[in-house]
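Taking it in order: structure first as structure tokens, then the write-up.
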There are 2 protein chains.
Amino acid sequence: MALQKTRAGNYPEWFQNVITAADMAELSATPGCMVIKPWGLGIWERIRFILNEKIKETGHENCYFPLFIPLSFFQKEAEHVDGFAKEMAVVTHSRLTAKEGKLVPDNPLDEPLVVRPTSEAIIADSFSKWVKSYRDLPVMVNQWANVVRWEMRPRLFLRTREFMWQEGHTAHADYAEAEAETINMLSVYADLAENYLALPVIKGRKPAHEKFPGAVDTYCIEAMMQDGRALQAGTSHFLGQNFAKSANIRFQNKEGGLDYAYTTSWGVSTRLVGGVIMTHGDDEGLCVPPKIAPYQVVIVPILKDSLKSESVMTYAAALKEKIAAVTYDGERVRVKVDTRLKDATDKYWEWTRKGAPLILEVGPRDVDKNGAVLRTRVLMNTPEWKQIVAADEFVATVSDLLTQIQEGMLARARVRLNKNIVTNVQTPEEMQAYFANQNIFLDEAGNTPTVAFVRGKWCGDEDTLEMMKTLKISVRCVPFDQSGTTGKCLMTGREATLDVIYARAY
Amino acid sequence: MALQKTRAGNYPEWFQNVITAADMAELSATPGCMVIKPWGLGIWERIRFILNEKIKETGHENCYFPLFIPLSFFQKEAEHVDGFAKEMAVVTHSRLTAKEGKLVPDNPLDEPLVVRPTSEAIIADSFSKWVKSYRDLPVMVNQWANVVRWEMRPRLFLRTREFMWQEGHTAHADYAEAEAETINMLSVYADLAENYLALPVIKGRKPAHEKFPGAVDTYCIEAMMQDGRALQAGTSHFLGQNFAKSANIRFQNKEGGLDYAYTTSWGVSTRLVGGVIMTHGDDEGLCVPPKIAPYQVVIVPILKDSLKSESVMTYAAALKEKIAAVTYDGERVRVKVDTRLKDATDKYWEWTRKGAPLILEVGPRDVDKNGAVLRTRVLMNTPEWKQIVAADEFVATVSDLLTQIQEGMLARARVRLNKNIVTNVQTPEEMQAYFANQNIFLDEAGNTPTVAFVRGKWCGDEDTLEMMKTLKISVRCVPFDQSGTTGKCLMTGREATLDVIYARAY
């Protein structure tokens, strides 16, 4: 009952296979856009709920800004860039009219509108109205929104034309406070990734050529997928006074003079769901960390014998209530009884492919014995494992089991990450040889991909960019933990001090 | 410190004034679109949270469908309608390019995309792929999304070009089940409106000419604003097999034959926030029902004396913790300490204009006495009322106070609604005379508008539509509670059996 595609066989096809097998999302009739189905959206809703609390706790309030941004807002950016061209959806008409039986766009707009690819420009415009004095600062807002970027090679969850995200935007009276905010939100993201999604990440700064346009510094968290590629899992931008100057966010300072504010922006998206799949999925399907699982426990009643079905259903419902009364990580355990009139084995495999952390099968015999059959591939690493449990004992231990799964998933992913940050590549020649290989998930047991992350020196010179392009790699980040030593740049052999992470990336 | 605009003076201007004074939303740089600020969005987030639970409890799961709908999806609809023209945002290009220093839309799409005004067509397309057999039915999904309709006269919360809503979509194997779903969701909306938003509503069916295009029946809840106008607060559509036929949602029935499914759709939007303002606001600002208030209790520390500020802040924080430990309506009380270094009187008036249910002022003297000054215009109907309370006693009674406010607000609105459904208009002449008046909020004490709802007979004939247009009224609904009597149509004098609600509407 394993998936048709395996990680070792073809990693990208396996990724698609998991999404289909776990019924998370599918392509829609609109090119490049996806339909997110309940299990996929449920994971995103959990991430949203958890992160929303953290964003509020750190002093931000939610707002909502328009989907459409007037074209003129991009004019300034375009003036600074030679050959400016951006792949964005542009609304040019405000009516659909039937002409000779054919529908056509009608009523052209005076000024075309861009569907937001990100909202710095339009939010800075609001900030410029809100901020007059130092007393109005800081302004700290966040929005949950859909954004659109006209991707040429769409992939479910990783790169769709429309996706969902959260974007935080803040304005501050001084440089240091704004910079601290940027770093602080990166820590919030790292906490979310590691302690909820069970994705260990490397925190660092992007090299200058990979910064967000207009940012002074872009910080990021980078995770490692099972094929050794990096996934940028969140970014936090320190924008200095650049956006404040172009949108005129000025305030009277304490001394009575006029200053431009310092702004930041930071975001994570539904791409995180892709990261969860590629980090925790296996050849049986998805595994969902309990803290972000829409259901942490699924009860599958065996309804073969229609005479006994009623008592099985009653028993399952009572068991559900007992489990739902248990607290795990400050919330009630999310438990579902799968009441569909389908074969129980089919139902079991569905929930296995979806990666529900704990599955309980209950049949007529379990009713008599006040028990259940516990199955947990996520914990035991095989879909075949099962164990008869007493219902009361399960209820008493369910919270511990969930903790064990959550921690176990993080530990496993952390071992993989640490094991695959290669540090013994010493010269440009060794670097060439290392990345001559393909990114393939190879070793079933050790989860060791052929090519993963190289940690080494980088001189930062312009000519390294072309070299990296040839190897299809990039500097993922300059990690916060710098050694301070001097060594040879892995691209040029020149003397270099920066420690960086080189990798291929999604 | 009352608002500049009053309800009696100019109701529409008062409405705008409340939104500004309570800092709920504002117009944006994008024509016709609004920026929703924390207090306005917070109310919507509460509505969303409450309704989302109810939607799940009634067996629906959340999905997410694309923002863009291919133009061809509207072709079928257009074929049935003479002079089809709809005000919708149309995306025609996928790139923005600088040409001779000027940004222009570039890369025209093969097929233009419409920004969803509602999602029946694209969701029906997904359903057609999901549904093969009666075993796949019912399909019951919901999405929280932004939608766009190119309104010509935008008004904050009531009619903006982009707004947020929830749209539920279901498919069923038989007529009766789908119709029952439609009615059931209308009841969920009525429960939300009455028991959470404190908006009493009339449940009914829309007359044929006001149905959603393609629906067999449209049901609605109608609320009365303080100027006597109706606000359609939610709709639920029974779509029969119409959408199933055009999208080919067919399934194998139990007998092995092929049937088209029966579908429904239903939605409420951020317009509800407008309804809350126009129902509960007064000449001091907004009043928010506790169940949907972002904060139910606001503590305003008086920080005049900087020597004593620290002890006041410590006291306020401790009081907050005690209040936050109390449960109201199944959740912890939402309480905020307004720590801003602003004059306490200014802060009090800000929260008064926002309509926070309970406000506690605490100063140095309150710290000594373990007390606070309670202020609650929402309950006492005046911003001047205040009372010294013991902190412990407040904590012990806060849940009761909130209940009292919530129930009081509903009761007041219900009295107003019942009082202003006029039933003694008997003839077309009296009807003309009644609606010759303007909708004006008149009487401060009794909240009695000049013109409100008329309940009476309607023959349903085509020629009444033009008559209603002249009076600027419409049939809001055919209420579920029909008298079964025969009488004279208030438009034509012809014999009629239908009881309807006539009114002007937002």
Side-chain angles (χ1 to χ4, degrees), chain A residues 28-30 33-38 41-42 45 61-75 78-79 81 83-98 101 103 105-107 112-115 122 125-126 129 135 141 145-146 148 150 161-162 164 341-342, chain B residues 26 28-30 33-38 41-42 45 61-75 78-79 81 83-98 101 103 105-107 112-115 122 125-126 135 141 145-146 148 150 161-162 164 341-342:
Chain A
S28 75
T30 307
C33 293
M34 63 176 168
V35 174
I36 313 183
K37 301 180 84 173
L41 188 64
E45 286 180 338
E61 292 187 298
N62 284 343
C63 286
Y64 187 77
F65 297 87
L67 172 67
F68 300 132
I69 301 175
L71 181 140
S72 58
F73 279 64
F74 293 88
Q75 190 67 46
E79 281 162 15
V81 180
F84 177 97
K86 286 207 170 172
E87 312 305 317
M88 301 192 286
V90 189
V91 175
T92 55
H93 294 74
S94 70
R95 187 182 290 162
L96 212 53
T97 305
L103 277 180
D106 198 4
N107 227 10
L113 298 170
V114 174
V115 183
I122 191 124
D125 180 70
S126 282
K129 292 172 199 152
R135 284 189 212 87
V141 303
N146 51 347
V148 171
W150 216 255
R161 287 185 181 161
E162 180 192 12
M164 284 190 270
L341 297 171
K342 268 190 162 181
Chain B
E26 64 191 26
S28 74
T30 307
C33 293
M34 64 176 167
V35 174
I36 312 182
K37 301 180 83 173
L41 188 64
E45 287 180 338
E61 292 186 298
N62 283 343
C63 285
Y64 187 76
F65 296 88
L67 171 67
F68 300 132
I69 301 175
L71 180 140
S72 58
F73 278 65
F74 293 86
Q75 190 67 45
E79 281 162 16
V81 180
F84 176 98
K86 286 208 169 172
E87 312 305 315
M88 301 192 287
V90 188
V91 175
T92 55
H93 295 73
S94 70
R95 185 182 290 161
L96 212 54
T97 306
L103 277 180
D106 198 5
N107 226 11
L113 298 171
V114 174
V115 183
I122 191 126
D125 180 70
S126 283
R135 284 189 211 88
V141 302
N146 51 347
V148 171
W150 217 254
R161 289 187 178 158
E162 180 191 12
M164 285 191 270
L341 298 171
K342 268 189 160 178

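Owing to the predicted nature of the structure, the values given are computational and were not obtained by experimental measurement. Chain letters run A, B, ... following the sequence lines, proteins first and then strands; every chain starts at 1. Computed over heavy atoms, backbone and side chain alike; hydrogens, waters and symmetry mates excluded.
Heavy atoms of Leu41(B) lying under 4.5 Å from chain A belong exclusively to its side chain. The contact between Asn146(A) and chain B is made entirely by side chain atoms (from C-beta outward), counting heavy-atom distances below 4.5 Å. Proximity to chain A (any heavy atom under 4.5 Å) is restricted, for Ile122(B), to the side chain, taken from C-beta onward. Neither the backbone nor the side chain of Val141(B) comes within contact range of chain A; no heavy atoms are under 4.5 Å apart. Residue contact with chain B, scored on non-hydrogen atoms closer than 4.5 Å, involves the backbone of Ile69(A) exclusively. The parts of Leu103(A) that come within reach of chain B are both its backbone and its side chain, each placing non-hydrogen atoms under 4.5 angstrom from that chain. Of the atoms belonging to Pro112(B), it is side-chain heavy atoms, and not backbone ones, that fall under 4.5 Å from chain A. The contact between Glu162(B) and chain A is made entirely by side chain atoms (from C-beta outward), counting heavy-atom distances below 4.5 Å. Only the backbone of Met34(B) comes within contact range of chain A, judged by heavy atoms closer than 4.5 Å. If you measure heavy-atom distances from Asp106(A) to chain B, you find no contacts under 4.5 Å at all.
Minimum interatomic distance between Gln75(A) and Gly101(B) (heavy atoms only, all atoms of both residues): NE2-O, 2.8 Å. Closest heavy-atom contact between Cys63(A) and Pro38(B): SG-CD, 3.4 Å.
Ranked by non-hydrogen atom pairs under 4.5 Å with chain A, the options Arg135(B), Glu87(B), Met164(B), Glu61(B) are led by Glu87(B). Between chain A and the options Val91(B), Asp125(B), Leu96(B), the largest number of non-hydrogen pairs under 4.5 Å is found for Leu96(B).
For the atom pair NZ (Lys86(B)) and OG1 (Thr97(A)), the distance works out to 12.0 Å, reported to the nearest 0.5 Å. A distance of 10.0 Å separates CZ of Arg161(A) from OG of Ser28(A), quoted to the nearest 0.5 Å. With rounding to the nearest 0.5 Å, the separation of CG in Leu67(A) from CG in Leu113(A) is 9.0 Å. If you take SG on Cys33(B) and CZ on Phe68(A), they are separated by 6.5 Å, rounding to the nearest 0.5 Å. Between the OG1 atom in Thr30(B) and the CZ atom in Phe73(A) there is a gap of 6.5 Å [rounded to 0.5 Å].
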